[in-house]
Amino acid sequence: MGDEGFAARLTLVLKALSISRGRLAADVAVDKSLVSRWCSGSVQPSAHNLARLTQVIAARVPGFTMVDWDHDLAALADRFGVAVPGPAAETIEWFPPQLIAEAVTTVEQRGHHYEGLWKTTRLASEMPGSFIHDHVLLRRGANGLLAYRAGVFDVRFAGWAMPLQNQLFAMAYGTVSGTLVFSIFNGVARQRAEVLDGLLMTCMRDAGGTPVAGRILMRRVGDLCGDAAEDDARLEALLAENPLATPDSMPDDIRDHLWSDCGPTAFAAGGEHMMMMNFARSIARGPVFETATR
């Protein structure tokens, strides 16, 4: 059972029983923020907390056991006599429903083209002149969108990615700090994506939380095996690697692609007046270009 699967099941159970996150936290004797992380899919309960959680539910629904958490969402909904919630309704309530529906439809049709393990390359915001690698896991979540998990050093992010209008929009938050990260990638049409590029915006970890933006490249480094726990373990193994790019690991064309100039001087010389990842110069590609783009 993957993180997103448990999050969807727990959310359904809370709604079916009309239990608030605060009430559940009090009954299980944990902090409310931990219940929120369970519901978001960023953290799964420990064996002790899962057992306690099951006891709390069983007190309201006689016969409920640990095995019930392994049922698919439809079977669990039937167990509680409720309907399966609509796609993404619990995840991004403020987002326009028509765009959510479009993203869910696209994931149904082409989500497997983006699922996998990815390695990013971007400028390190807090180490001027250096490049850094994050690792990312994308997989279809129970809400119909692409669940997005990422990390670098000891920082972990969780969120959702939506393929819309030939681009991939990702929104994530730091599971401890709450720092938000927004990314827009050029998508790949009709093929399985192997390389994506775009822009990333977040806040630095300085005293003022300085907003910062930069170009980012993301390339596939592995496919999902179908076992969520094993895929999670593979992501953690990748995150244990040193994320700093060595000088000999940065090809000149990739460096130039991510670190090209912009602004008045660049514009006067025929360049870009503001930071962008122009589709005409994008290197987002499918499998046929995998070797060329590394």
Side-chain angles (χ1 to χ4, degrees), residues 1-97 99-101 103-104 107-108 137 139-150 156-162 171-181 227-229 231-232:
M1 177 173 61
D3 290 355
E4 300 77 31
F6 179 80
R9 290 166 176 77
L10 178 58
T11 298
L12 183 146
V13 170
L14 292 182
K15 279 206 164 288
L17 298 179
S18 298
I19 304 174
S20 69
R21 295 180 182 183
R23 178 69 266 169
L24 181 68
D27 289 349
V28 181
V30 298
D31 191 87
K32 182 180 175 181
S33 64
L34 181 57
V35 174
S36 294
R37 293 199 292 275
W38 292 345
C39 291
S40 71
S42 62
V43 173
Q44 277 198 286
S46 65
H48 171 77
N49 283 336
L50 184 61
R52 179 69 185 128
L53 177 59
T54 303
Q55 292 174 354
V56 169
I57 302 303
R60 294 171 169 82
V61 183
F64 186 86
T65 70
M66 297 275 278
V67 175
D68 287 297
W69 294 115
D70 291 326
H71 292 321
D72 63 35
L73 205 58
L76 189 63
D78 186 63
R79 173 85 165 78
F80 283 82
V82 296
V84 176
E90 299 301 322
T91 306
I92 312 179
E93 297 178 351
W94 51 267
F95 209 78
L99 290 184
I100 288 287
V104 168
V107 170
E108 288 175 353
L137 186 151
R139 67 178 164 219
R140 278 175 283 191
N143 65 358
L145 301 179
L146 290 170
Y148 178 103
R149 295 185 58 202
R156 298 293 182 269
F157 295 91
W160 302 97
M162 297 183 291
M171 296 165 284
Y173 66 95
T175 55
V176 174
S177 66
T179 300
L180 294 174
V181 179
D227 183 316
D231 288 327
D232 290 341

Taking every non-hydrogen atom, the tightest pair across Leu137 and Asp231: CD1-O, 3.6 Å
Atom pair CG/CZ of Asp31 and Arg37 - distance to nearest 0.5 Å: 7.5 Å
Heavy-atom closest pair, residues Leu10 and Cys39: CD2-SG, 3.9 Å
Nearest heavy-atom neighbours spanning Ala229 and Asp227: N-OD1, 3.0 Å
Arg52 side chain vs Asp27 backbone, donor-acceptor pair below 3.5 Å: yes
Close side-chain approach of Leu146 and Arg140, heavy atoms under 4.5 Å: yes
Minimum side-chain heavy-atom gap Lys15-Phe80 below 4.5 Å: no
Heavy-atom side-chain proximity of Asp70 to Met66 below 4.5 angstrom: no
Parallel, tilted or perpendicular: ring planes of Trp69 versus Phe6, cut at 30 and 60 degrees: tilted
Any side-chain heavy-atom pair of Leu14 and Trp38 under 4.5 Å: no
4.5 Å side-chain heavy-atom contact, Met162 and Leu99: no
Nearest heavy atoms of Ile100 and Leu145, plus distance in Å: CD1-CD1, 4.4 Å
Heavy-atom check, side chain of Asn49 versus side chain of Leu34, under 4.5 Å: yes
Gap separating the OG atom of Ser20 from the NZ atom of Lys32, nearest 0.5 angstrom: 7.0 Å
Leu53 vs Leu24 side-chain heavy atoms within contact, under 4.5 Å: yes
Considering all heavy atoms, the nearest Tyr148-Ala161 contact: CB-N, 4.3 Å
salt_bridge(Arg149, Asp232) N-O dist < 4.0 Å: yes
Ile57 CD1 to Ile19 CD1 distance, which is reported to the nearest 0.5 Å: 4.5 Å
Exercise: identify the closest heavy-atom pair between Thr175 and Phe157: CG2-C, 4.3 Å
